[in-house]
Amino acid sequence: MELSKTYNPKEYESKIYDLWEQNKVFEPSKEGRPFSMVFPPPNANGNLHIGHAFTLAIQDIAARYARLKGDSVLFVPGADHAGFETQVVYERLLEKEGKSRFDFSREELYSQIYDYVNANKNNTENQLKKLGASFDWSKHVFSLDKKVVDSAYKRFKKMWDDKLIYRGERLVNFCTLHGTAFADIEVEYKEEQGHLWYVNYPVNGADENIVVATTRPETLLGDTAVAVNPNDKRYSKLINKTVTLPLTGREVPIIADDFVDPDFGTGAVKITPAHDPNDFEAASRHSLPMISVIDFMGNITHEMPEKYRGLDVLTARNKVLKDLKDQGFLSKTEDYTHSVGHCYKCKTIIQPLLKEQWFIDMKPLAKKAVEVLRDNKIVFYPESKKTQLINYLNQLRDWNISRQISWGIPIPAFQNTENPDDWIFDSRVEQELIETDNKTYKRDPDVFDTWFSSSSWPYVATDYPDSDLFKKYYPLSLMDTGGEILFPWVSRMIMLGLYETGEIPFKEVYIHGYVMAEDGAKMSKSLGNVINPIDVVDEYGSDALRMGMIAGRVPGVNRGYDPRKVEDARNFCNKLWNIARFSQDKISSYIKNPKPKTMADNWIIGKLDELEKNLAKDMDRYGFAEGHEKLYHFIWDDLADWYVEASKSQSDGSILAYVLVQSLKLLHPYAPFVTEAIWQSLKPVHESEILGRAKISTIIEFDRAKSKKFETVKDLIVEIRNISNTMKLTKRRLVVKPSQIDKESEELIKKLARVGEILDKSFEEEIQLTNTDIIASLEVSREVLNGYLSDLKSKISESKKIKSGLEGRLKNRAYIEKAPEKLVKETRDSLVSINKSLELLEGELTKFKS
RNA sequence: GGGCGGUUAGCUCAGUUGGCUAGAGCGCCUCGUUUACACCGAGGAAGUCGGGGGUUCGAGUCCCUUACCGCCCACCA
């Protein structure tokens, strides 16, 4: 096959992906140690972003490297229905048509969104294929697949039976625009400029006021107490008295509770149980009534005094303030900065509202998770993420799993129409009403939080509990995700995995940082700095994007996207391509274990051996960037710049073929497309039809002495090039004793250092070479030699500096005694060789003096 | 308030348990078209590793302290 001058990814990538799929390259092999991963399921509703591409790059490299090693690799793709997210996207579409979710029933909306998602699902899958994802597509899991839904029901039932699930009227984080509650972790807090208003509450039976400070004066309509610290002497005589609530005239008690900070505000705090989590807890402790002031639309409820009813929160606040002022209750106003929770989608202020919801008691689940983490049952990269996770788990509150949206898995719970406290579990969720024991039950209209189902991913994807898949591949080998879902996803997979299967869900966790925009800011549509990975693939190729993102990145740290790295990676692919182009003519047939003959042969085999071993070390600890750098420099520097050049004078191409074949294997995880494209064009040269299925092999034997000799000649060549370039030598004649150098070295020097002649005689004007053990010199003119003087002087002073450094160290007795013996020996050797070259250099200097 | 990360060449970043002359890519300068590649080749310049102190024979690496940048969590009447 004729290869074009530059590698054109577009010409090959989709064909190669088809080739892999048709040959079922990504199915787990029967033999080999199990290695398993699930890909964090992207939302089924849209396009992949750069973060997906990065996650995929990491995992795909790990998967392909495992296959290369001979592991049996299970790599499972998936898609998430992303309940709330997707419904928001769909509502935006409806909005464009002038409609809203209120125009449809729950069932209608669900089926519309289902059709919409189905139409978009292929899009995401095709993009993943473009990125080279080596998934076993036959194992694909969608989070609304029957097995996921069944598992959610089973788990809900089990938790219900274990009394881990409870239904309760609790404060939930409610977005009044979207009309749904959120988990604590979904609320976004932001610092905001506000005010602290001081309000007088007249104490009954005493001629005084108790002053409370508040940022939300409208909520005083729902106050059911005033609290002070029990040890606060200022207020001790008022405890158990009552106050008359301004504007409502209601009488509420003054209570004592430890949670009140005497130093904040006035040390007295109004208690509004229906709209503040602390107040809610205090009210529970003191059995106080809870009065809702704000409804689920964000307006003042009908239980409130008539003049405020139906007003939105802000209008109500202003009216309350005016009334307080007019009636003399407002004592003062201060500016105050505090943090306010917002809906992470629409930025509406989150209202803590009282609502009946399903909650999971997290304490026992978190406790088990902390135990396995403390026992180091799961290895984290970077390790610091484990500590962060433990801290998070230790302060975890109960999890609200009810969502008031249509798009999701219906909660399989039914309420007795006659008795609101009678709830039963039943999976007949397609019916709104069911009959059991002659009683009628009505389905809970809510759906599960998406994370409730996605947290079962590791064991659902492997078909827990009885499948062979589960037995072989669970716990998963590696879980890689971005830092942003360490808490919402990783933590819950650990807790639920332990709860349901009794085992950890994965053995290792790799947390990668975000791919930021070039300037280090977060990528976001509103800033217009988003990089679309598919555009990059179209321009530079899939391999280039992968390697460009991986290069120089460490786990857990956010870094900007660097287009220069992608471009460099594209060039690298082209370099490899051209090595193959060059090799094509040189190699004819496949020899499994060729014999290295020349110095260069032995040297490159030595380098290849070193590469394979070091790469294994890097990959064992998921050092993706380090591995990449080693491959890059081996292929570009050692193979292309030295071996290919040296081998141009060789007729036997068997070692070139061997090294190329092994290099393709080792690079394949990082650059699957270009390596496979080359592999396919080199058909007669290797044992395996498809590179994606090739296995790593032990590198053939080589002669270390010959390899070392090549290294010396290489150093000599570099020195000749250096002097020739800086001194601008046009004609290069090298003087060296025949005993110093053999025929093979001579050829290499002539060819690679562009030396015209190698002679066994002295010239009047010469520059002595000092970097190797070979005594040699370059013939130069008097003029050049004079110009060399300053170079020579700086070389000498540099060598002297090094020399004195080495001597200083060796004079230090403590160094000799305490430093490792090997190091001291190395220092002595260095000193010997620096002395030798210094001697030569100083000898040169005498030429100028004479 | 608590926790975490970053600060190394003009730019973007590596630097694994302390070890010798601190690296890479890009950019920059000089030269170059020699039977793969200009998405190229050869050579070169460029860093007192944020500041200060300490431990050590030896510190970019460990400890203390300080400055700046960024992230996360909790509370906020």
Side-chain angles (χ1 to χ4, degrees), chain A residues 3 5-7 185 189 196-197 212-216 219 226-227 259-261 264-272 276-279 336-340 382 384-385 387-388 391-392 395 483-484 486-487 513-514 516 518 520 522 540 544 551-554 556-565 567-586 617-618 621 623 625-626 629 632-633 640-641 644-645 648 718 721-726 728 751-754 798-799 801-802 805-806 809 812-820 822-824 826-827 830 834:
Chain A
L3 298 181
K5 211 166 170 183
T6 51
Y7 169 58
I185 200 165
Y189 286 90
L196 202 52
W197 288 281
V212 299
T214 179
T215 54
R216 308 182 60 198
T219 63
V226 169
F259 94 97
V260 181
D261 175 3
F264 189 89
T266 59
V269 52
K270 61 196 258 336
I271 299 292
T272 320
D276 180 284
N278 276 325
D279 294 3
Y336 184 63
T337 307
H338 60 145
S339 107
V340 179
S384 60
K385 296 289 170 189
T387 321
Q388 289 178 31
N391 290 339
Y392 171 76
Q395 51 83 39
E484 77 278 12
L486 176 65
F487 297 154
Y514 306 97
M516 311 295 272
E518 276 181 61
K522 249 185 192 161
Y540 292 97
R553 262 180 207 269
V554 287
V557 178
N558 301 343
R559 292 276 172 248
Y561 170 80
D562 190 347
R564 295 172 306 183
K565 287 205 156 73
E567 197 177 321
D568 183 44
R570 188 268 318 260
N571 295 352
F572 177 54
C573 292
N574 195 54
K575 190 72 186 177
L576 183 69
W577 183 256
N578 274 289
I579 294 171
R581 237 157 59 87
F582 170 81
S583 307
Q584 259 194 333
D585 305 335
K586 292 259 178 188
K617 271 187 212 159
D618 288 335
R621 52 179 192 89
E626 292 91 332
E629 198 176 345
Y632 179 95
H633 288 293
D641 290 346
V644 165
E645 291 307 320
K648 279 180 178 171
V718 169
R721 283 169 173 175
N722 176 343
I723 290 173
S724 303
N725 263 327
T726 48
K728 304 199 190 315
K751 178 106 184 136
L752 300 182
R754 320 195 53 86
E798 203 156 301
S799 296
K801 232 161 72 187
I802 296 165
L806 294 170
R809 212 170 301 147
N812 186 341
R813 278 194 56 181
Y815 176 70
I816 306 279
E817 280 161 19
K818 291 185 184 174
K822 195 180 156 210
L823 197 64
V824 177
E826 267 172 38
T827 311
S830 301
I834 199 87

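Below, read A as the first sequence line, B as the second, and so on, with proteins coming before strands; counting in each chain starts at 1.
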Assign [X] to base, sugar-phosphate, or nothing according to its heavy-atom contacts below 4.0 angstrom with the strands shown.
X         : answer
Arg621(A) : base
Arg809(A) : base
Phe572(A) : nothing
Ala640(A) : base
Leu196(A) : sugar-phosphate
Arg754(A) : base
Lys801(A) : nothing
Val260(A) : base
Pro820(A) : base
Glu645(A) : base
Lys270(A) : nothing

Partner of U55(B) under the Watson-Crick or G-U wobble criteria, both distances under 3.5 Å, comes out as none
Measure from the side chain of Lys728(A), starting at C-beta and using heavy atoms only, and say which of U30(B), A36(B), U12(B) lies closest.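 From the listed options, U30(B) comes nearest.
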Heavy-atom donor-acceptor pair, Lys5(A) side-chain to C37(B) base, under 3.5 Å: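 No, no donor-acceptor pair under 3.5 Å.
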d(CE, Met516(A); C1', C69(B)) in whole Å: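 About 12 Å, once rounded to whole Å.
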I need the CD1-P distance between Ile723(A) and G43(B), as an integer number of Å. 13 Å
Quiz question: by atom type and distance under 3.5 Å, do the side chains of Asn578(A) and Arg581(A) form a donor-acceptor pair?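 The answer is yes; a qualifying pair exists.
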